[in-house]
Amino acid sequence: DTVGKVIRCRAAILWELKSKMKIEEIEVAVPVKDQIRVKIIYNALCHSDLHVIDGSLKTRLPIILGHEATGIVESVGDEVKAFKTGDVVIPLYQPQCRKCAACQHGDTNLCTSLSFSNEGSHFTCRGKQVFPFMGLGTFSEYAVIREHMLVKIDPRAPLDKACLAGCGLATGYGAAVNTAQIRRGERVAVIGLGGVGLSAIQGAKNAGASAIYAIDINSEKFDSARKMGATHCVNPRDVPKDGKFGSWFIKNFGAVDKSLECIGNVQCMKDAVEIVERGWGRAVMVGIAPDGATLSFNPGHLTIGKTITGSIFGGWKSIDDIPMLVEEMRKGKIEVDPLITHRFDLEKVDEAVELLKNGKSIRSVISL
Ligand code: PAD
Ligand code: ZN
């Protein structure tokens with residue numbers, strides 16, 4: 001029985017930028033107040049984890065990465081009301097407290113109740129504090145998570161797939177249906193065909209888009225894109241040397257009603273703005289640009305009525321909406337199998353990193 005005791009378990013720690021993670025034995029604190037200790041079962045690797053490793057997303061070190069997980073509640077702090085031992089859960093890096101101004105506002109999911117950059121740590125390794133990525137740190141067999149950053153899901157859901165609802169699938173799908181607000185018959189372009197972009201394609205398809213242009217410099221992604229619902233696959237490397245992607249795209253395919261950038265590349269963000277219709281086009285930024293990046297474009301795009309926006313976690317009110325997404329997955333209305341290309345044990349997490357970095361995988365699911 002582990003309740004009330006510090007747990008010693010395995011976790012993958014990133015000690016330095018641009019290095020491999022090391023599997024270490026760590027201590028995980030007893031949960032107090034609104035904290036919940038969760039046994040993590042599966043965690044899929046997302047490109048945001050890679051952004052930390054390569055230094056383009058600044059965080060404190062050493063850190064335990066991971067934020068796309070499923071788990072089971074091991075024990076709870078004395079103020080926790082909604083969870084008990086044995087509940088099946090998804091950790092949420094985007095909290096929902098239901099009390100702050102953002103939670104009360106119908107148009108945003110950006111709850112301000114918890115700022116994970118100021119959160120302390122519940123992990124130690126050889127006497128040293130280790131920080132949890134985005135308040136989660138789910139590349140650990142156990143993690144301590146605040147109550148507003150956790151949601152119960154149907155225990156019948158397949159946990160190795162449901163973890164994708166904790167980030168990539170929810171982010172891309174929601175960006176399409178909530179942020180881009182894709183309507184039946186619309187023409188859509190998705191730039192970047194990773195777990196996020198492919199999920200945006202599926203969102204566009206389920207929303208009834210009439211044409212979905214899947215855009216990536218890696219043509220190996222096109223099979224998956226077609227499986228998710230893309231009607232056309234476009235490789236920007238086919239643009240003639242003296243040409244610009246935006247004008248080339250419009251000349252060949254026409255402008256689109258909605259575009260989604262799912263990479264975090266400033267040039268691709270500009271392209272996303274270029275290729276939407278004047279008057280009503282909407283360009284949605286989903287990818288996380290490197291720390292300190294700026295985006296510049298001709299303000300005429302705004303004068304002629306284009307909308308430029310973006311979202312975190314697909315705009316979903318996390319606790320309200322994620323169980324519904326898991327339910328749609330369970331019923332097969334949202335497909336997840338084509339997104340899962342590899343599976344590894346925690347010891348092999350760096351193989352998953354190499355595959356994602358080199359464009360050889362969509363999502364690798366890691367068993368803890
Ligand atoms: P991924 O690495 O699986 O996919 C990125 C794709 O972009 C790959 O297929 C690349 O080949 C492609 N790509 C790279 N450069 C170019 C280029 N110049 N032109 C065209 N295609 C290119 O990443 P992912 O799907 O896991 O994540 C994508 C981004 O979304 C990444 O920046 C991540 O940090 C961000 C993200 N945002 C949120 C959010 O809440 N906004 C959540 C999760 C992930
Ligand atoms: Zn993610």
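We count ligands from 1, going down the list as the structure has it; atoms in each ligand are counted the same way. Source: prediction; values computed, not measured.
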**Report entry** Considering all heavy atoms, the nearest Val28-Cys9 contact
**Finding:**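 The pair with the smallest heavy-atom distance is CG2-SG, 3.8 Å.
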
Can you tell me if [X] has a non-hydrogen atom under 4.0 Å from ligand 1?
{"X": "Trp316", "value": "no"}
{"X": "Ser311", "value": "yes"}
{"X": "Arg363", "value": "yes"}
{"X": "Gly195", "value": "yes"}
{"X": "Cys268", "value": "yes"}

Within the 4.5 Å heavy-atom criterion, are [X] and [Y] side-chain neighbours or not?
{"X": "Glu141", "Y": "Ile7", "value": "no"}
{"X": "Thr70", "Y": "Val89", "value": "no"}
{"X": "His122", "Y": "Gln35", "value": "yes"}
{"X": "Asp271", "Y": "Gln267", "value": "yes"}

Assess the side chains of [X] and [Y]: does a donor N or O sit below 3.5 Å from an acceptor N or O?
{"X": "Glu74", "Y": "Thr2", "value": "yes"}
{"X": "Thr124", "Y": "Gln129", "value": "no"}
{"X": "Asn178", "Y": "Tyr173", "value": "no"}
{"X": "Trp316", "Y": "Gln94", "value": "no"}
{"X": "Asn109", "Y": "Gln96", "value": "no"}

Is ligand 1 under 4.0 Å from a heavy atom in the side chain of [X], in the backbone, in both, or in neither?
{"X": "His47", "value": "both"}
{"X": "Val196", "value": "both"}
{"X": "His51", "value": "side chain"}
{"X": "Ser48", "value": "both"}
{"X": "Phe245", "value": "neither"}
{"X": "Ile217", "value": "both"}

Query raised in the report: What's the shortest distance from atom 8 (C) of ligand 1 to any protein heavy atom, and which residue and atom give it?
Result: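 Protein heavy atom at minimum distance: Asp216 OD2, 3.5 Å.
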
Report task. Specify the protein heavy atom at minimum distance from atom 38 (C) of ligand 1: its residue, its atom name, and the distance to 0.1 Å. Result ->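 Looking at atom 38 (C) of ligand 1, the protein heavy atom closest to it is Thr171 CG2, 3.5 Å.
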
At less than 4.0 angstrom from any non-hydrogen atom of [X], what atoms of ligand 1 do you find?
{"X": "Asn265", "answer": "18 (N)"}
{"X": "Asn218", "answer": "11 (O)"}
{"X": "Gly194", "answer": "1 (P), 3 (O), 4 (O), 6 (C), 9 (O), 25 (O)"}
{"X": "Cys167", "answer": "42 (C), 43 (C)"}
{"X": "Gly287", "answer": "29 (C), 30 (O), 32 (O), 35 (C)"}
{"X": "Phe313", "answer": "39 (C), 40 (O)"}
{"X": "Cys262", "answer": "28 (C), 29 (C)"}
{"X": "Leu193", "answer": "6 (C), 9 (O)"}

State whether the side chain of [X] and the backbone N or O of [Y] hold a donor-acceptor pair below 3.5 Å, judged by distance alone.
{"X": "Glu186", "Y": "Arg183", "answer": "yes"}
{"X": "Thr108", "Y": "Ala102", "answer": "no"}
{"X": "Thr138", "Y": "Gly66", "answer": "yes"}

Query - Salt bridge Lys84-Asp87, side-chain N to carboxylate O under 4.0 Å - result: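 Answer for the salt bridge query: yes.
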
**Report entry** Ion pair Asp216/Lys221, N-O distance below 4.0 Å
**Finding:**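 Salt bridge between Asp216 and Lys221, a charged N being under 4.0 Å from a carboxylate O: no.
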
Hey, is ligand 1 close enough to [X] that some N/O pair sits below 3.5 Å?
{"X": "Val286", "answer": "yes"}
{"X": "Ile263", "answer": "yes"}
{"X": "Ser361", "answer": "no"}
{"X": "Gly192", "answer": "no"}

Query - SG (Cys167) - the Zn ion (ligand 2) - NE2 (His67) angle, nearest 10° - result: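 Nearest ten degrees: 110°.
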
Query raised in the report: Can a cation-pi geometry be assigned to Lys270 and Phe297, taking NZ or CZ under 6.0 Å from the six-membered ring centre and within 45° of the ring axis?
Result: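 No, Lys270 does not sit over the ring of Phe297.
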
Report task. Answer yes or no as to whether an N/O/S atom of His47 is found below 2.8 Å from the Zn ion (ligand 2). Result ->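 No.
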
